[in-house]
Amino acid sequence: MKRQFIAALLAGAMILATPLAAGAESPARPVLTPADLFSLEQASEPQVRPNGRQVVYVRVSNDITTDRARHSLWLADADTGAQQPLVAGPGNHMSPRWSPDGRRLAYVSTAEGGAPQLFVRWMDTGATARIATLENAPDAISWSPDGRSIAFLMFTAAEGLKLANGPAPAKPEGATWAEPLRIFDGLRYRTDSEGYLKPGAAQIHVVSAEGGAPRRLTSGAFDNQGPLSWSRDGTKILFSSAREPGWERDPGLVDLYELTFASGGIRRLTDRVGPDMAPALSPDGTQIAYLGYDDRKAAYNDTHLYLAQADGSAPRRLAADLDRSVDDVRWAADGRSLIIQYVDEGVTRLGRVDLAGKLTPIPADLGGGGLDRPYSGGAFDAAGGTLAWTRTTTQRPADLMIQRAGRTIQATRLNEDLLGDRTLGKVDYLPVNSSIDGRTVPAWLVYPPNFDPKKTWPLILEIHGGPNTSYGPTFATDMQLYAAAGYVVLYINPRGSTSYGEAFAGLIDKNYPGPDYDDLMSAVDAAIARGFVDERNLFVTGGSGGGVLTSWIIGKTDRFRAAAPQKPVINWTTEALTSDIPVLTAGYWFAKPPWEDQAGYWARSPLSLVGNVKTPTLVVVGERDYRTPVSESEQYYQALQLRGVPSALVIVPGASHGGIAARPSQSGAKASAVLAWFEKYRVK
């Protein structure tokens with residue numbers, strides 16, 4: 001029976017187990033289903049043409065035949081919003097960057113198959129050309145001020161450690177042998193996004209904008225990072241990098257560097273305990289804006305905005321009164337101010353900062369990124385007096401917004417045909433007072449499309465990951481699919497969440513999971529107090545950090561009918577020694593490594609509470625998850641099985657931690673599996 005049930009879960013990509021709660025009336029229009037995920041689109045990566053008259057953006061859609069996202073480039077008129085496809089043929093097309101004069105557009109494309117390549121489009125003729133043959137995908141594209149060259153980062157292979165006692169045997173012609181051994185000798189040997197790493201590093205390259213052989217400008221086993229910022233005379237490039245010994249073990253060793261073309265020399269511009277990154281030279285080339293913070297070995301630090309002279313001297317913090325993390329920065333065209341992006345109370349916002357440090361908010365709410373859960377996000381760009389950004393609402397994924405000459409327009413309505421014909425769940429703000437200290441903790445409720453407050457409804461508590469991140473009032477497919485199945489969905493930013501100040505985020509420093517549990521339970525109580533939640537039918541789920549808290553919750557209370565921890569950490573010792581971020585776990589989330597504080601690691605591990613668990617539990621994880629590895633979920637599943645707790649394990653084939661919902665069929669199947677599990681234990 002159990003095998004049949006799990007097979008049914010994995011086969012549920014196209015249907016929900018229960019489209020509506022039993023006995024519910026059908027709404028006038030259909031609700032969202034997993035099949036609809038293939039039709040969703042969103043705008044991303046807006047780039048304003050230097051004259052401000054047009055905006056190119058990346059339109060992300062889904063291909064039902066390949067079950068993958070597809071990226072194309074579209075061009076929108078800044079005054080009218082009228083748009084047209086720019087590069088939309090076979091392949092994926094992304095990372096658009098305008099030349100300084102706006103007459104050409106560089107972008108990355110897989111149009112020719114194989115590794116993504118660097119292309120340039122001549123806007124007056126529509127002609128395009130691949131300007132280099134690259135072994136690996138280019139990143140951090142940056143035009144020189146005179147438009148003659150393009151710099152970029154590209155992974156460059158290096159000679160790795162060789163271990164062979166004598167010559168290898170000769171391989172006979174036509175023989176099929178096993179792959180060669182993989183040998184690693186560094187702490188950073190795999191990442192969740194890339195899997196097992198080959199020897200090498202991201203190096204800065206430059207190529208003629210008219211095409212040619214790319215020239216490598218850096219070397220060595222260093223972690224070079226973008227964005228790349230050219231000096232005004234085109235003789236230097238600023239970048240951030242970890243180039244000190246021991247950088248793999250200390251994320252604070254990232255600083256700003258200056259590369260000089262003529263000599264090939266690299267000069268360090270910043271030097272402090274803490275990372276400095278994202279350099280942006282002012283239009284006149286005399287000052288550098290950048291992001292960074294003083295590393296206190298805390299689990300979370302706000303990232304601040306800084307300004308220094310072009311040689312790195314006289315650094316000072318701008319917008320010092322902003323108790324929020326700065327995520328992105330652009331210079332205004334006149335060089336007299338900067339535009340920054342930050343998240344405030346779950347909503348991504350923009351602000352203008354003058355060179356004296358004064359912040360003036362810009363009336364623009366941003367959103368965009370992942371579709372499955374309501375994380376804060378978004379992107380923006382500014383040039384030629386035009387500001388463009390991506391915006392979501394609770395009812396729609398990201399669209400393109402353009403502000404020009406004091407007028408703001410919504411340039412796209414990418415999902416109106418689909419979602420305009422669907423009844424979606426309404427999202428409502430729910431203020432919560434924590435039982436710990438009365439502190440206000442923000443939360444939101446998503447109602448079923450046919451919601452009637454006079455009836456009682458089952459409730460799903462959905463918990464965000466991180467734990468230092470934030471949810472917001474944005475569109476999310478998981479929330480809408482749960483609501484469409486007849487559940488009230490509760491999501492919350494408990495203490496430890498970002499966008500409410502560094503002190504609020506730090507309330508769980510070296511104490512996670514901990515008091516955030518009480519915030520979550522207070523939110524459930526607040527939802528019940530509304531009078532329409534069936535206390536017999538409470539369910540809980542969450543991913544990553546939310547998976548940690550889900551498994552922690554059911555070890556502390558039996559009030560939930562069923563649970564679905566997704567990609568959780570179960571045992572902090574094993575996570576610290578198998579994850580792709582061991583430095584963060586053992587150096588920031590805990591004060592000591594596990595062999596020096598085994599009792600502390602165990603006390604905060606959900607596995608320590610598994611003896612208390614009675615709640616039927618579905619454990620979900622991606623097959624190639626290297627952030628919270630599969631072994632974490634398997635430990636928990638097997639412990640539950642040994643104890644006789646009703647449980648099942650769902651492994652999403654080929655999926656990483658960050659990509660568990662990247663393919664539409666798997667995103668829909670995962671939500672369907674969670675709902676099927678909850679329905680199995682729901683009191684009718």
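Basis for what follows: all heavy atoms, side chains included, without hydrogens, waters or symmetry-related copies.
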Between I402 and W389, is the side-chain contact (heavy atoms from CB on, under 4.5 Å) condition met? List the steps. CA-CA 7 Å; I402 302 175; W389 67 94; over 6 Å; no
Listing request: all side-chain hydrogen bond (donor to acceptor under 3.5 Å, both in side chains) pairs with a residue in residues 542-553, at least two apart in sequence or in separate chains. S544-H657
Taking side chain to side chain donor-acceptor pair (under 3.5 Å) as the test, write out the residues that go with [X], two or more places apart.
X	answer
R536	D534
Q566	T541, K670
Q341	none

Apply side-chain contact (heavy atoms from CB on, under 4.5 Å) to residues L86 and W74 and explain how you reach the verdict. CA-CA 5 Å; L86 191 64; W74 286 66; 5.8 Å; no
For [X] and [Y], which I'm curious about, is there any donor-acceptor pair between the side chains at under 3.5 Å?
X	Y	result
S522	D519	no
Y626	E194	no
N493	Y500	yes
S434	R495	yes
S665	D67	yes
S72	H93	no

Under the salt bridge (charged side-chain N to carboxylate O under 4.0 Å, His left out) test, which residues partner [X], sequence neighbours left out?
X	answer
D139	none
D428	R530
D63	none

Using 0.5 Å steps for rounding, measure from the [atom1] atom of [X] to the [atom2] atom of [Y].
X	Y	atom1	atom2	answer
L461	L538	CG	CG	9.0 Å
F678	L618	CZ	CG	8.0 Å
L419	E41	CG	CD	10.5 Å
R324	S470	CZ	OG	10.0 Å
R97	D381	CZ	CG	8.0 Å
D478	L37	CG	CG	8.5 Å

So T390 and Y57, do their side chains get closer than 4.5 Å, heavy atoms only? no
Taking the side chain as C-beta and beyond, is there a heavy-atom pair between I362 and T360 under 4.5 Å? no
Is it the case that the side chain of T456 and the backbone of F532 share a donor-acceptor pair, with hydrogens and angles ignored and the cut-off at 3.5 Å? no
Are R53 and D77 ion-paired here, with the side-chain N under 4.0 Å from a carboxylate O? no
Note: E535-R559 ion pair, threshold 4.0 Å (strictly below): no
Can you list every salt bridge (charged side-chain N to carboxylate O under 4.0 Å, His left out) pair that touches residues 539-551, not counting sequence neighbours? none
Mind checking what makes side-chain contact (heavy atoms from CB on, under 4.5 Å) contact with [X], not counting sequence neighbours?
X	result
Q410	R391, D399, M401, R413
S95	E45, V108, I141
L418	D36, S39, L40, R422
T128	Y107, R121

Under the criterion side-chain contact (heavy atoms from CB on, under 4.5 Å), I'd like the reasoning laid out for T393 against D365: C-alpha separation, chi angles, the key distance, then a yes or no. CA-CA 9 Å; T393 68; D365 295 346; over 6 Å; no
Worked check of side chain to side chain donor-acceptor pair (under 3.5 Å) between H464 and T469: CA-CA 8 Å; H464 75 59; T469 186; 5.7 Å; no
side-chain contact (heavy atoms from CB on, under 4.5 Å) test vs I463 passes for just one of D516, L490, L520, namely L520
Under the side-chain contact (heavy atoms from CB on, under 4.5 Å) rule, what do W444 and L430 come out as? Steps first, then yes or no, please. CA-CA 5 Å; W444 290 266; L430 176 70; over 6 Å; no
Should K567 and D192 be marked as a salt bridge (charged side-chain N to carboxylate O under 4.0 Å, His left out) after you check the CA-CA gap, both sets of side-chain angles, and the distance that decides it? CA-CA 12 Å; K567 49 187 181 181; D192 183 66; over 6 Å; no
Ring-ring centroid check Y482 Y487, cutoff 6.0 Å: no
Do other residues, nucleotides or ligands put more than 12 heavy atoms under 6.0 Å from D421 CG? yes
